[in-house]
Amino acid sequence: MSTSDGWLARLFAACAGLADLHASSPLLDAVIAEVNGRRLRIGDHWVTDFASCNYLGLDLDPQVIGQIPAYLERWGTHPSWSRMLGSPILFEQIETHLAELLGAPDVLLLQTLTHIHASVIPILASDGTIFLDARGHKTIYDACTVAGAHGATIRRFAHNDPDDLRRLLRRSGSGPRLVCMDGINSMTGNPPDLASFVRLAREHEALLYVDDAHGFGVVGERHADEPCPYGRRGNGVVRHLGEGYENLVLVAGLSKAYSSLLAFVTCPPQLKRLLKVTVPPYLYSGPPPVASLASALAGLQVNQARGDELRAGLYRKTRRVLDHLDRLGVATLNTSSFPIIEVPLADPGHLERVGRFLFDRGIYVTLAFYPGVPLHEVGFRLQVTAANTDEQVDHLLAVLDELAAAFPMRAPRP
Ligand SMILES: Cc1ncc(COP(=O)(O)O)c(C=O)c1O
């Protein structure tokens, strides 16, 4: 089919910048032919992966991989029943473990966060009002539009701005109020002002819905003797910032830090019962495969035994990159030391060339393009995982030196 044909041409014109980048950049839509640790082969070119969200390196952990075959022997590859029909006991085991880890009243597992947002947000919002952070993840935004079609009203507040939210809450009428936002932000790596949002939710009898896709597994409860500032246990942004689950629903996935296709929503038991009879991914969809349930259970064991050690190594390697950028005088959006390091470019027009420069030198990153991020944040995102070696970080730092010499980079704000 030719892209000059009618409706398709109009759609391509609407996203022409991204379509051009997609067609020309080796960093988008790559076919990965082979992996070796955090090394990837694309065609005959080997690169080091700094775009992985497998923060704890559990995708490559021999203890996790070694446990999966026994589960497949026992359960087959895929249960196939919708969860409403029946769930292998593995689901219950993971839910119980997660509820204890999080300190939450209960947990419901579904396939992905995208499924959870799309099905749970409309239920929680009902015909009330959703207050959506202006930079809430696109999957939350889409779910809110579904809720809108079911009768909810949507109001957006300025990103991470409790004063703006307060103003909107004061003006809103009666009915359910749901405040939707990200936990650890997927582009900046920074946490929200959760204490203020929790306080506002409780004052206005609203429910705060927090998507901690990235934070869960990395940040956790704080202790005086913690091995690194991520805290202990990786039990997510709510515990990391010393909050609880009153008026708060936490959703997060296991597809990042735990390298497993699963996601969960925390809920009081009564809400869990309601969700089980209302959300389509529980009622009708195929469940996550057995290998995902097995890797989640094995990963939770690893987390218990040596998660804090993995996080301490992750923090140390992340700091190496952040300190190097500081020394180079190159800005990053990261103020938290979380292993997401976005480097905005001085000139967004350089994005494609910068991407090619990094790729040619063996560094694989995520491109942060407009309109996915605001124009002044166009750049690239580096992610460090526990499975990246110090030699790979050395190589990255050397390439960043070259990059800063070849392209004008944004300086940090004074
Ligand atoms: C903040 C956030 N929410 C949701 C998602 C989607 O998660 P899932 O793959 O579980 O649907 C992502 C994926 O990158 C994300 O970064």
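Read the numbers this way: they start at 1 and go in the same order the structure lists the ligands and their atoms. The figures here come from the full heavy-atom set of this structure, side chains too, leaving out hydrogens, waters and symmetry mates.
The pair K276-E95 does not meet the salt-bridge criterion, since no charged nitrogen lies less than 4.0 angstrom from a carboxylate oxygen.
For D142 and H117, the side-chain atoms include no donor-acceptor pair closer than 3.5 Å. For the residue pair N334/R381, the side-chain donor-acceptor check at 3.5 Å is not satisfied.
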Check against side-chain contact (heavy atoms from CB on, under 4.5 Å), R320 and D394: CA-CA 9 Å; R320 287 192 63 202; D394 290 340; 2.5 Å; yes
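Residues with a heavy atom under 4.0 Å from ligand 1: T112, L113, T114, H137, T139, S186, D211, A213, H214, K256.
Residues satisfying the side chain to side chain contact (heavy atoms under 4.5 Å, CB included) criterion with A387, sequence neighbours excluded, are R38, L60, T385.
Y55 pairs with exactly one of K256, Q383, R311 by the side chain to side chain donor-acceptor pair (under 3.5 Å) rule, that one being Q383.
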